[in-house]
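Read the structure below first, then the notes.
The figures that follow rest on heavy atoms only: side chains count, while hydrogens, waters and symmetry mates do not.
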Amino acid sequence: MEIKLHFVPPGFASLILCLLNTSPIQAKDAFLSGVLLLKNGQSIQTDYTELNDSYFVRSERIGRYIQKSDTLDIVSDDYFKKIQNSSPWKSSLQSAIYLNSSASYQWTTDQNAVFKEDLTDRIIKVSLIVLTGYFFFEAQKSNEALQNTFTGINSSGAKDKFQRDYTNYQIAGALTILTFSLSALKAYVRFGRNPNWDSLGIEQRKLVTLEEYSNDPKNLNHRYPNNSVEILFTKSF
């Protein structure tokens with residue numbers, strides 16, 4: 001058995017205990033799966049755990065530290081694929097077709113908030129469509145009643161009712177168009193952004209493995225935080 005000691009980040013001893021622990025429950029609690037979006041434009045699909053000022057990421061073969069200052073955000077694998085396979089225009093179109101807010105195209109870990117926002121938008125849009133349809137048919141009925149009146153006999157009341165119903169139809173229609181337009185615009189703008197409305201640039205990113213990232217020469221000088229201690233175990237038989 002050969003043991004080598006090198007310099008790595010503080011608190012690494014506790015991390016080693018997590019890695020060496022064979023309990024599946026603790027391993028599940030310690031590491032999450034996701035895509036790290038780095039500020040240099042690279043994206044790494046990996047398991048990670050959060051430390052004070054960095055993330056420890058691992059694959060089946062290697063593990064390493066990535067500074068939080070080098071990371072823009074972390075998203076789920078499904079969200080990354082969803083954004084890469086769609087576009088802002090599709091997000092806008094879906095908000096109109098499915099009568100929702102397209103909130104799922106903006107990154108968040110709170111899926112309950114996404115459901116509530118979509119439900120609220122759907123209720124508002126359906127209500128406006130129904131209201132516009134109601135005033136449209138009322139205006140149609142008033143118009144028919146006005147056409148059936150004799151000139152000078154009850155025509156004044158029929159004309160006033162038609163004017164009221166037609167005005168209500170115009171107002172409801174304008175509100176419906178405005179609501180759908182603003183919702184589509186919001187769906188377009190929010191596409192591929194985080195809760196702070198920062199663009200994540202996922203559409204232009206290439207997904208790489210941790211091995212590919214580590215073997216990239218421009219990343220070799222950023223393997224470990226400063227003032228750190230690495231503990232490496234090597235077995236030989």
Side-chain angles (χ1 to χ4, degrees), residues 27-51 54-64 66-126 128-129 177-216 219:
K28 183 178 180 180
D29 291 340
F31 285 88
L32 301 173
S33 178
V35 179
L36 271 70
L37 307 178
L38 304 183
K39 292 181 179 179
N40 64 4
Q42 293 178 302
S43 301
I44 309 172
Q45 186 175 21
T46 184
D47 293 335
Y48 69 93
T49 187
E50 184 175 358
L51 304 175
S54 62
Y55 298 103
F56 183 79
V57 296
R58 70 177 185 181
S59 66
E60 293 181 355
R61 295 179 55 240
I62 64 173
R64 62 171 294 162
I66 295 180
Q67 293 291 323
K68 288 184 178 180
S69 59
D70 296 330
T71 306
L72 179 62
D73 212 328
I74 302 176
V75 302
S76 68
D77 299 341
D78 290 340
Y79 180 78
F80 189 91
K81 295 175 183 177
K82 182 185 181 75
I83 296 301
Q84 286 214 322
N85 294 329
S86 188
S87 69
W89 288 111
K90 288 183 180 179
S91 175
S92 296
L93 185 61
Q94 288 184 13
S95 74
I97 294 176
Y98 299 123
L99 306 179
N100 60 25
S101 64
S102 286
S104 61
Y105 285 99
Q106 183 172 13
W107 169 245
T108 179
T109 57
D110 190 354
Q111 295 304 309
N112 190 44
V114 172
F115 172 79
K116 288 182 178 179
E117 185 176 349
D118 279 342
L119 179 61
T120 300
D121 263 43
R122 184 170 290 112
I123 291 174
I124 293 174
K125 289 177 179 178
V126 169
L128 285 172
I129 291 174
I177 293 174
L178 179 62
T179 299
F180 273 75
S181 299
L182 290 177
S183 178
L185 177 61
K186 184 178 181 181
Y188 183 93
V189 173
R190 79 193 309 172
F191 180 86
R193 295 178 181 269
N194 64 14
N196 296 325
W197 293 87
D198 298 321
S199 177
L200 301 176
I202 293 177
E203 308 94 299
Q204 296 80 34
R205 289 178 177 271
K206 178 183 178 181
L207 197 62
V208 300
T209 64
L210 183 56
E211 287 80 4
E212 291 172 330
Y213 174 81
S214 298
N215 292 332
D216 191 333
N219 299 321

Exercise. Only one of Ser86, Ser199, Ser102 forms a side-chain contact (heavy atoms from CB on, under 4.5 Å) with Phe191, so which one is it?
Worked result: Ser86
Exercise. Just one of Leu99, Asn100, Leu93 clears the side-chain contact (heavy atoms from CB on, under 4.5 Å) bar with Ile97, so which one?
Worked result: Leu93
When you compare the side chain of [Y] with that of [X], does any pair of heavy atoms fall below 4.5 Å?
| X | Y | value |
| --- | --- | --- |
| Val114 | Gln111 | yes |
| Val208 | Ile44 | yes |
| Leu32 | Tyr55 | no |
| Gln45 | Phe80 | no |

Exercise. Yes or no on side-chain contact (heavy atoms from CB on, under 4.5 Å) for Asp70 and Asn40, after CA distance, side-chain angles and deciding distance?
Worked result: CA-CA 8 Å; Asp70 296 330; Asn40 64 4; over 6 Å; no
Checking [X] side chain against [Y] main chain: does a donor-acceptor pair fall under 3.5 Å?
| X | Y | value |
| --- | --- | --- |
| Thr108 | Pro195 | no |
| Arg205 | Gln42 | yes |
| Ser95 | Ser92 | yes |

Quick check for you: to the nearest 0.5 Å, what is the distance between [X] atom [atom1] and [Y] atom [atom2]?
| X | Y | atom1 | atom2 | value |
| --- | --- | --- | --- | --- |
| Thr109 | Ile74 | OG1 | CD1 | 11.0 Å |
| Phe56 | Thr46 | CZ | OG1 | 9.0 Å |
| Leu185 | Phe180 | CG | CZ | 15.0 Å |
| Tyr105 | Ser87 | OH | OG | 8.0 Å |
| Ile202 | Lys81 | CD1 | NZ | 13.0 Å |
| Asn194 | Gln106 | CG | CD | 7.5 Å |

Where [X] and [Y] come nearest, the two heavy atoms and their spacing:
| X | Y | answer |
| --- | --- | --- |
| Arg61 | Glu211 | NH1-CG, 3.1 Å |
| Phe31 | Asp47 | CD2-C, 4.2 Å |
| Leu210 | Ser59 | CD2-N, 3.7 Å |
| Ala103 | Asp118 | N-OD1, 3.6 Å |
| Ser183 | Asp121 | OG-OD2, 3.4 Å |

Please check if the number of heavy atoms outside [X] that lie under 6.0 Å from its [atom1] is greater than 12.
| X | atom1 | answer |
| --- | --- | --- |
| Lys39 | NZ | yes |
| Gln204 | CD | yes |
| Lys68 | NZ | yes |

For this session: Could you please spell out the steps behind the side-chain contact (heavy atoms from CB on, under 4.5 Å) verdict for Leu37 and Thr71?
Result: CA-CA 6 Å; Leu37 307 178; Thr71 306; 5.7 Å; no
Problem set entry | Candidate pair Lys82 and Asp78, rule side-chain contact (heavy atoms from CB on, under 4.5 Å), full reasoning | CA-CA 6 Å; Lys82 182 185 181 75; Asp78 290 340; over 6 Å; no
Exercise. Hey, what's the ring geometry for Trp107 with Tyr79, parallel, tilted or perpendicular (30° and 60° as the breaks)?
Worked result: tilted
Problem set entry | Results of salt bridge (Lys or Arg N to Asp or Glu O under 4.0 Å) for Arg190 - residues two or more places apart only |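 If we apply the salt bridge (Lys or Arg N to Asp or Glu O under 4.0 Å) test to Arg190, skipping adjacent residues, the hits are Glu117.
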For this session: Just do the side-chain contact (heavy atoms from CB on, under 4.5 Å) check on Ile66 and Tyr48 with the steps written out, would you?
Result: CA-CA 10 Å; Ile66 295 180; Tyr48 69 93; over 6 Å; no
